[in-house]
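In what follows, a structure is listed as structure tokens, so that the remarks can point back to it.
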Protein chains: 2
Amino acid sequence: MTKPKLRLVTPDQAQEGAANCKALGQVLDRIGDKWTIMVVGVLSHGPMRFNALQREIPGLSHRMLTMTLRGLERDGLVKRTAFATIPPRVDYELTAVGHSLTEPLYALAIWARGQQANIEAARAAFDASSTD
Amino acid sequence: MTKPKLRLVTPDQAQEGAANCKALGQVLDRIGDKWTIMVVGVLSHGPMRFNALQREIPGLSHRMLTMTLRGLERDGLVKRTAFATIPPRVDYELTAVGHSLTEPLYALAIWARGQQANIEAARAAFDASSTD
DNA sequence: CGGAATCCCCCTGGATACTG
DNA sequence: CAGTATCCAGGGGGATTCCG
């Protein structure tokens, strides 16, 4: 060990990593909540009305759906279209940006499904050894 | 348009989508919190000690770091190695599974950085029109 | 130095009811 | 049918303290 410093990454990579972490943090703050990805997932099939959306996602309260949609709309991930008819009707659909999000999300889903078994096994093993 | 039903996805794809959503939900429950990805990001550079880890992530409290590491360890994403020396020393490092997570995460980070500007713009526009 | 337990505050998010 | 406002409980998470 004669190295003065042990750096496993170059400063440039570290900068990259830091920037990525910040960016990742932002996205996760947006999509990391309980409902957002569900809504995006359902919406990825096509436009949908408010109530249809709620019916599609069990456990999602009226209020939470409103807030989730608001957030997504605010960030330009979904487009809201209101028809001033009686009864009123509002359609929600993914924008181009919203759709583009589904791709990396899909990659993550693939990983999730691939590692699911490993993770559950690890969890069981961990719980067993701490309970014992 | 002679189709009897307007389905943008086949039933099979819908099943896929549902399964993916579930899987995604699981991952996001794990990595969606405030600190986990930061820890994974820092650990992706190499093994690190508890205090070094904490110093690396501003705002991360002692307690939260403990809990975050516990969770990751439980799911087999990080490996914990304790040395019974005085003073005690504990190293944390990503496991193979943990490292494999960084890949889809990286894809997501790329997306994040690419869309960051769009999202901020949309957000500003949205806020402007609602504040007006 | 690393971890666990206690305390406590704040904010998320659910239920309900009202407006248009 | 869509959205907002109010109320309120539960838990996430920070500060602190004590143990090994």
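Per chain, numbering begins at 1; letters A, B, ... match sequence-line order. Since we're looking at a predicted model, the values are computed, not measured.
In this structure a side-chain-to-backbone donor-acceptor pair under 3.5 Å is missing from B:Asp75 to B:Leu77. A donor-acceptor pair under 3.5 Å is absent between the side-chain atoms of B:Thr102 and the main chain of B:Gly98, judged by distance alone.
Following rounding to the nearest Å, A:Asp91 (CG) and D:dC1 (P) show an atom-to-atom distance of 14 Å. Atom-to-atom, CD1 of B:Ile57 to C1' of D:dG13 comes out at 16 Å; the value is rounded to the nearest Å. One atom, CG of A:Leu53, and another, C1' of D:dG3, lie 15 Å apart when rounded to the nearest Å.
A:Trp111 places a side-chain heavy atom less than 4.5 Å from the side chain of B:Ser100. Counting only heavy atoms from C-beta outward, the side chains of A:Arg80 and A:Leu69 never approach each other to under 4.5 Å.
Non-hydrogen atoms lying under 4.0 Å from DNA chain D are contributed by B:Ser61, B:Arg63, B:Met64, all within residues 60-84 of chain B.
For C:dT12, the OP1/OP2 oxygens have no side-chain nitrogen or oxygen of A:Trp35 closer than 4.0 Å. The phosphate of C:dT12 (OP1 or OP2) has no side-chain N or O of A:Lys34 nearer than 4.0 angstrom. Taking 4.0 angstrom as the limit, A:Arg89 places none of its side-chain polar atoms (N or O) nearer than this to OP1 or OP2 of D:dA2. Between C:dG3 and B:Tyr92, a contact under 4.0 Å exists linking OP1 or OP2 to a side-chain N or O.
Shown here is B:Tyr106, whose OH atom has no more than 12 heavy atoms of other residues, nucleotides or ligands within 6.0 Å.
Taking CD1 of B:Ile110 as the reference point, atom CG of A:Leu24 lies at 9.5 Å (rounded to 0.5 Å).
Comparing D:dA2, C:dC1, C:dG3 by their closest approach to the side chain of B:Pro88 singles out C:dC1.
Both A:Asp33 and B:Asn51 sit near DNA chain C, but only B:Asn51 has its closest nucleotide nearer the 5' end.
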